[in-house]
**Q** 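A single structure is presented below for examination.
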Amino acid sequence: MWIAVTPEGGGATLRPLGGRAGAVTHVDDLAEAVRDLERVEQPRWIWADTRAVYPPLLARDVRPARCHDLTLTEALLLGHEGRYGEPRSAGAAYARLRGLPVPADETGAHARQATLFEPEPLPVDVAEVYGDQVRRIERTADPARFRLLVAAESAGALIAAEMGHDGMPWREDVHDALLTGMLGPRPVHGMRPAKLQALADQVDAAFGTTVNPDSPQQIVRAFKAAGLSVASTRSHVLKEVDHPAVAPLLAYKELARLYSFHGWVWADQWVRGHRFRPEYVAGGVVSGRWATNGGGALQIPKVMRQVVMADEGWRLVVADGAQLEPRVLAAMAGDGGLARAAGEIDLYAALAQAFGGSRQNAKIAMLSAMYGGTSGDALKLLAVMRQRYPQAYAFVEEAAKAGEEGRLVRSWLGRTCPPPSKHWSRLVAGPEGARAARDRGRFTRNFVVQATAAEWSLTQMALLRGLLPAPARLVFFQHDEVMVHCPEELVGEVSGAVGRAAVQATRLLFGETPVRIPMEAVAVTCYADAKPVSEPEPGPAATAIA
DNA sequence: GGCTCAGGCGCC
DNA sequence: AAAGGGCGCCTGAGCC
């Protein structure tokens with residue numbers, strides 16, 4: 001059952017589609033109508049834009065199982081059709097169908113504000129746009145996969161809205177104590193925290209003059225006056241410099257970042273009622289990864305994890321896709337040898353065995369193949385990789401070659417990379433052409449792996465959402481890592497659901513394959529205690545395996 | 001005062 | 001330990 005939804009004020013027009021297509025109905029209360037129908041069955045709700053339609057439903061705790069997001073789907077289709085950059089909104093899609101003037105996409109915070117307060121409905125026939133999209137999906141390279149991509153992307157939009165609404169547990173008191181311990185007490189407006197000021201004073205004393213430590217230009221000039229030439233003020237560059245200002249400067253930079261990015265002002269804006277509520281943007285990155293719009297949820301420093309604590313009597317169940325990208329490559333490339341290695345819990349150790357080398361070298365070879373690295377021993381190790389896993393090697397080489405030639409590449413499910421810019425096309429014909437070509441080759445080489453890893457993660461999370469027992473909630477998602485907040489007594493059930501969702505996601509994407517993508521959950525009270533299991537340190541145990 | 005850009009660095 | 005690609009977002013600085 002599919003139902004096309006056109007919101008009108010607080011109500012909506014509902015139009016059932018498909019085999020049991022029925023009469024168009026009007027409801028005065030969309031949230032109530034969705035709640036009622038979800039009790040009977042789980043229709044796929046078709047609507048223009050989850051980001052606009054879903055929040056009012058969430059506000060009344062109405063959470064549909066499935067939807068089809070016209071805007072996200074339009075973006076995927078335009079990309080696949082080589083029409084990247086054309087306006088992707090449902091309104092634009094409808095205008096194109098009807099030969100009307102196509103409205104530009106509304107982007108940026110200002111445009112969103114405007115749409116929030118002016119619920120003027122765009123003239124969109126949801127059912128008509130949906131029908132068009134279904135036809136275009138059938139014309140893609142692999143419609144079955146593309147349908148899965150659309151379902152996962154739309155589920156992602158639901159989850160992104162829910163996570164923003166529910167928020168990640170965040171202890172304001174622990175956060176304040178952490179900041180106070182590292183920086184000193186919260187300063188009055190316009191002042192530096194005491195410990196930052198002390199470090200700034202030390203920098204001044206070391207240079208014998210006043211320098212703004214936040215200004216790279218001033219720092220370079222100060223070193224120059226001291227007879228030292230520094231290429232930049234990046235920390236790894238400064239570490240090599242022998243000067244008394246270096247130590248306090250490095251300490252300052254680290255603390256200043258904490259203060260300005262995740263300090264008290266940040267908390268005032270993004271944390272309320274023991275919850276951190278960022279705005280996630282599903283499909284915000286060309287590779288299909290999520291982005292955030294404010295709050296910096298995907299860049300929280302690890303030191304801040306101690307602030308993320310489960311409610312009393314609840315736990316955080318944390319899991320990430322272990323060695324996800326090489327496993328995804330093994331499955332995509334259909335390389336039997338690599339797929340067998342990817343059937344092991346520690347893929348790199350298995351690789352090392354096949355290589356007859358160290359685990360570390362095996363990892364370098366693998367990463368260099370996926371990312372186009374050439375530094376250090378990479379080239380030598382790549383030659384081994386090419387010999388042992390010719391199909392996997394050829395797969396990423398072909399992606400790189402396509403990029404260098406200006407062609408498009410696609411993920412496993414059909415997400416398509418952006419075409420080269422006009423600037424690139426000019427550049428590639430000029431004297432720096434070889435370099436521009438290589439750069440794009442690295443991008444497309446990485447795209448096929450990163451984008452497929454992103455769609456595996458999205459699929460896994462969508463399946464997990466469907467398996468979670470109430471009142472467990474997904475509260476955090478970071479590229480290949482998920483966090484569920486649940487009552488202590490549900491930890492076992494939730495952990496099991498995480499693993500089952502991973503197995504199902506692998507089957508859905510890749511069918512029968514020896515590749516395993518393990519996702520082991522750990523239950524903790526505090527996020528800082530969730531040691532990632534994906535990267536075993538090359539300690540005695542790992543060495544013994546290798 | 002608002003805009004854009006670069007430098008820098010956090011996460012995967 | 002790092003490399004590679006992908007991002008967001010702070011500050012300073014230059015410009016209008």
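Order of the sequence lines sets the chain letters (A, B, ...), proteins ahead of strands, with each chain counted from 1.
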**Q** Which nucleotide in the list dA3(C), dG8(B), dG4(C) gets nearest to the side chain of Arg442(A)?
**A**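 For the Arg442(A) side chain, the nearest candidate turns out to be dG4(C).
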**Q** Give one of base, sugar-phosphate or nothing for Ser368(A), where a contact means two heavy atoms less than 4.0 Å apart.
**A**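 The answer is nothing, as Ser368(A) stays clear of every strand by at least 4.0 Å.
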**Q** So, Tyr371(A) and Glu325(A): side-chain donor and acceptor under 3.5 Å apart, yes or no?
**A**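 Side chains of Tyr371(A) and Glu325(A): pair found under 3.5 Å.
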**Q** For Arg415(A), is there an ion pair with Glu153(A) - N to carboxylate O distance below 4.0 angstrom?
**A**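 Answer for the salt bridge query: yes.
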**Q** Of all the nucleotides listed (dA2(C), dG4(C), dG10(B)), which has the minimum atom distance to the side chain of Gln360(A)?
**A**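 Nearest to the side-chain atoms of Gln360(A), counting from C-beta on, is dA2(C).
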**Q** Quick one: does any side-chain atom of Arg51(A) pair with a main-chain N or O of Ala161(A) as donor and acceptor, under 3.5 Å?
**A**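 Absent.
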**Q** From CG of Asn361(A) over to C1' of dA2(C), roughly how many Å is that when rounded to an integer?
**A**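 Interatomic distance, CG of Asn361(A) to C1' of dA2(C): 13 Å.
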**Q** Could you run through nucleotides 6-16 of chain C and give me one letter per nucleotide, 5' to 3': B if any protein heavy atom sits under 4.0 Å from the base, S if only the sugar-phosphate is that close, - if neither?
**A** BSBBBSSS---
**Q** I need the CZ-C1' distance between Arg305(A) and dG10(B), as an integer number of Å.
**A**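 Spelled out: CZ on Arg305(A) to C1' on dG10(B) is 11 Å.
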**Q** To the nearest angstrom, how far is Leu238(A) atom CG from dC9(B) atom C1'?
**A**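 Taking CG of Leu238(A) and C1' of dC9(B), I get 13 Å after rounding.
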**Q** Both conditions, 6.0 Å and 45 degrees, for the charged tip of Arg257(A) above the ring of Phe261(A): are they met here?
**A**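 Verdict for Phe261(A): a cation-pi partner in Arg257(A).
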**Q** Whole angstrom is fine here: how far is it from CG in Leu367(A) over to P in dG4(C)?
**A**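 So the CG-P distance, Leu367(A) to dG4(C), works out to 11 Å.
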**Q** Under a 3.5 Å distance rule, please check whether Asp335(A) uses its side chain to pair with a backbone N or O of Ala392(A) as donor and acceptor.
**A**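 Checked: pair present.
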**Q** Figure out the CG/P separation between Leu255(A) and dG8(B), and round it to whole Å.
**A**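 For the pair Leu255(A) CG and dG8(B) P, the rounded distance is 19 Å.
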**Q** Rounding to a whole Å, what distance do you find between Trp456(A):CH2 and dC12(B):P?
**A**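 These atoms are roughly 16 Å apart.
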**Q** Can you find a side chain N or O atom of Lys302(A) that sits less than 4.0 Å from OP1 or OP2 on dC12(B)?
**A**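 Yes, Lys302(A) has a side-chain N/O under 4.0 Å of OP1/OP2 on dC12(B).
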**Q** Does Arg277(A) make a cation-pi contact with Trp270(A), if we ask for NZ or CZ under 6.0 Å from the ring centre and within 45° of the axis?
**A**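 Verdict for Trp270(A): no cation-pi partner in Arg277(A).
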**Q** Specify the separation, in whole Å, of atom NZ of Lys363(A) and atom C1' of dA2(C).
**A**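 Distance check: Lys363(A) NZ to dA2(C) C1' gives 10 Å.
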**Q** Rounding to an integer number of Å, can you tell me how far Arg359(A) CZ sits from dA2(C) C1'?
**A**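 In whole Å, dA2(C) C1' lies 15 Å from Arg359(A) CZ.
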**Q** Identify whether NZ of Lys or CZ of Arg in Arg305(A) sits under 6.0 Å from the centre of the six-membered ring of Tyr527(A) and within 45° of that ring's axis.
**A**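 Arg305(A) over Tyr527(A) ring: yes.
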